[in-house]
Novice: 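One structure, pasted below without further comment.
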Number of protein chains: 2
Amino acid sequence: MEIGQVIQSKFRNSKHKAVVNLRYTANCLGNIQNSYMAKFDLSMPQFNILRILRGAQDVISVNAVKSRMVEKSPNTTRLMDKLIDKGLMERVRCESDRRVVYVSITEAGLNALKQIDEDDQSKLDFAGNLTETEAEALSDLLDKLRG
Amino acid sequence: MEIGQVIQSKFRNSKHKAVVNLRYTANCLGNIQNSYMAKFDLSMPQFNILRILRGAQDVISVNAVKSRMVEKSPNTTRLMDKLIDKGLMERVRCESDRRVVYVSITEAGLNALKQIDEDDQSKLDFAGNLTETEAEALSDLLDKLRG
DNA sequence: CAAAATTAATTACCGTGGTAATATTTACAA
DNA sequence: TTGTAAATATTACCACGGTAATTAATTTTG
């Protein structure tokens, strides 16, 4: 459905329309992703953290995880709290620099990821109606928008 | 900055990249908008509700407001609670259908909007680095993405 | 070397958003 | 008509996200 119909409004200009459309579409994607992840008892940001940890191959500082995330807020700590409660990751104090906390994924965490790997993840990067070329064009426009 | 640099990662394909980029960009825009609105002691969704109410010219049901918003959740009620606390809008029970609650903007609400009108709103639909044509193309891609 | 600035992580307090359940009222239908 | 379904708004409970303040440790610098 075209965005103007969705919110039953008109727009001042194409930029205004694009900005509203952007937020609406991001919201839709977020909802699709979260509802998909729900059956694994994970939220999307939690899943992201686990993937980052697996990708790191080794222990990694909280800061390093944060730098790979879309949101750079203290949320990372809180999300990790929940993952640790679930036994999917763990913290280790760094001895050489005692400000730093290292984190790593546990066996249970790897298993959880494996389970998702084996599932159909097409909903996670759902942009199904775009071709690869269009997806590339979209990314370029977004990069340019942010400046 | 290009999205791959922002989150220091590579992507499986262009679709994956576009989806991550989309959420990241929407997030950036939201932050810009909220920080702009902060000086008026309003959040962006609160501001949206006030604009919808002003645009309605008359009392309007909560449902009608909801249908013009990006998020269709019970949040509308909660946002309205806050606006009413601030004296910017009010509720009136509909007498013909007692399930319905009408809402309308107050004088104070109109004044608040007027104050914002007179300010430089360029941050609100910040997509400054896009041309109108590009903004149009972006909207089209987003519409197609959602299907 | 000691005080100040910086860095890493966390916490507190605020905000929004989502699903599900609820109360109330109305419409429908056997 | 009467019981059931549907619609409207709200509430409860959960989640994430942001800014600012805090704690602890390290680095810088005067």
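Throughout, a chain's letter reflects where its sequence line sits, starting with A, and its residues are numbered from 1.
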Novice: Quick check on dT10(C): is either OP1 or OP2 less than 4.0 Å from any side-chain nitrogen or oxygen of T77(A)?
Specialist: yes
Novice: Measure CG/L29(A) against P/dG18(C) and give the value in whole Å, please.
Specialist: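 Rounded to the whole Å, the gap is 13 Å.
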Novice: Any base atoms under 4.0 Å from N34(A), or only sugar-phosphate, or nothing? Heavy atoms, all strands.
Specialist: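 The answer is nothing, as N34(A) stays clear of every strand by at least 4.0 Å.
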Novice: How far apart are the C-alpha atoms of I3(A) and L142(B), what are their side-chain angles, what is the distance that settles it, and do they pass the side chain to side chain contact (heavy atoms under 4.5 Å, CB included) test?
Specialist: CA-CA 9 Å; I3(A) 183 66; L142(B) 294 172; over 6 Å; no
Novice: Verify the neighbour count for atom NZ of K144(B): are there more than 12 heavy atoms of other residues, nucleotides or ligands below 6.0 Å?
Specialist: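 Yes, because the 6.0 Å sphere around NZ of K144(B) holds more than 12 heavy atoms from other groups.
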Novice: Should the heavy atoms of other residues, nucleotides or ligands under 6.0 Å from CD of Q5(A) be counted, would the total exceed 12?
Specialist: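 Enclosed: over 12 neighbouring heavy atoms sit under 6.0 Å from CD of Q5(A).
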Novice: From CD of Q33(A) over to C1' of dA15(D), roughly how many Å is that when rounded to an integer?
Specialist: 15 Å
Novice: Rounding to a whole Å, what distance do you find between Y102(A):OH and dT10(C):P?
Specialist: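 To the nearest whole Å, that distance equals 14 Å.
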Novice: Can you give each donor-acceptor pair under 3.5 Å made by side-chain atoms of residues 78-85 of chain B, sequence neighbours left out, with the distance rounded to 0.1 Å?
Specialist:
from   : atom 1 : to     : atom 2 : distance (Å)
R78(B) : NE     : N75(B) : OD1    : 2.9
R78(B) : NH2    : N75(B) : OD1    : 2.8
D81(B) : OD1    : R91(B) : NH1    : 3.3
D81(B) : OD1    : R91(B) : NH2    : 2.7

Novice: Under 4.0 Å from any atom of DNA chain C, heavy atoms only: list the residues of residues 78-85 of chain B that qualify, in numerical order.
Specialist: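 Nucleic-acid contacts, sorted: R78(B), L79(B), K82(B).
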Novice: Only pairs at least two apart or in different chains count here, so list each salt bridge (charged side-chain N to carboxylate O under 4.0 Å, His left out) that has a residue in residues 43-67 of chain B.
Specialist: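 Listed by first then second residue: R54(B)-D117(B).
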Novice: Suppose the criterion is ring-ring contact (aromatic ring centres under 6.0 Å, His included): which pairs have a residue in residues 45-79 of chain A, not counting sequence neighbours?
Specialist: none
Novice: Taking only residues two or more places apart in sequence or in another chain, which ones pass salt bridge (Lys or Arg N to Asp or Glu O under 4.0 Å) with E95(A)?
Specialist: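 Residues passing salt bridge (Lys or Arg N to Asp or Glu O under 4.0 Å) with E95(A): R98(A).
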Novice: Going by ring pair (Phe, Tyr, Trp, His ring centres under 6.0 Å), name the residues that satisfy it together with F11(A), two or more places apart in sequence or in a different chain.
Specialist: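 With neighbours one apart ignored, the set is H16(A).
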Novice: Of the residues in residues 62-71 of chain B, which ones touch DNA chain D at a heavy-atom distance under 4.0 Å?
Specialist: V62(B), N63(B), K66(B)
Novice: Quick one: list whatever passes ring pair (Phe, Tyr, Trp, His ring centres under 6.0 Å) with Y36(B), sequence neighbours left out.
Specialist: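 Partners of Y36(B) under the ring pair (Phe, Tyr, Trp, His ring centres under 6.0 Å) test: F40(B).
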Novice: By a strict heavy-atom criterion of less than 4.0 Å, which residues belonging to residues 36-60 of chain B are in contact with DNA chain D?
Specialist: none
Novice: Mind checking if S61(B) touches a base, just sugar-phosphate, or nothing, with heavy atoms under 4.0 Å?
Specialist: sugar-phosphate
Novice: With sequence neighbours left out, which residue pairs that include part of residues 2-21 of chain B fulfil the salt bridge (charged side-chain N to carboxylate O under 4.0 Å, His left out) condition?
Specialist: D125(A)-R12(B), E136(A)-K17(B), E2(B)-K17(B)
Novice: Is there a residue in residues 89-100 of chain A whose heavy atoms reach under 4.0 Å of DNA chain D, and which residues are they?
Specialist: S96(A), D97(A), R98(A), R99(A)
Novice: Let me know the distance between CG of N75(B) and P of dG17(D), rounded to the nearest Å.
Specialist: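 To the nearest whole Å, that distance equals 15 Å.
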Novice: By the 4.0 Å heavy-atom rule, please label N27(A) as base, sugar-phosphate, or nothing.
Specialist: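 Sugar-phosphate contact only.
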Novice: Counting distance only, does the side-chain N/O of T106(A) pair as donor-acceptor with the main-chain N or O of G87(A) below 3.5 Å?
Specialist: yes
Novice: Does anything in residues 20-48 of chain A form a salt bridge (charged side-chain N to carboxylate O under 4.0 Å, His left out)? List the pairs, not counting sequence neighbours.
Specialist: K39(A)-D119(A)
Novice: Kindly indicate, with the supporting measurements, whether the criterion side chain to side chain contact (heavy atoms under 4.5 Å, CB included) is fulfilled by N48(B) and R68(B).
Specialist: CA-CA 9 Å; N48(B) 274 331; R68(B) 286 178 174 74; over 6 Å; no
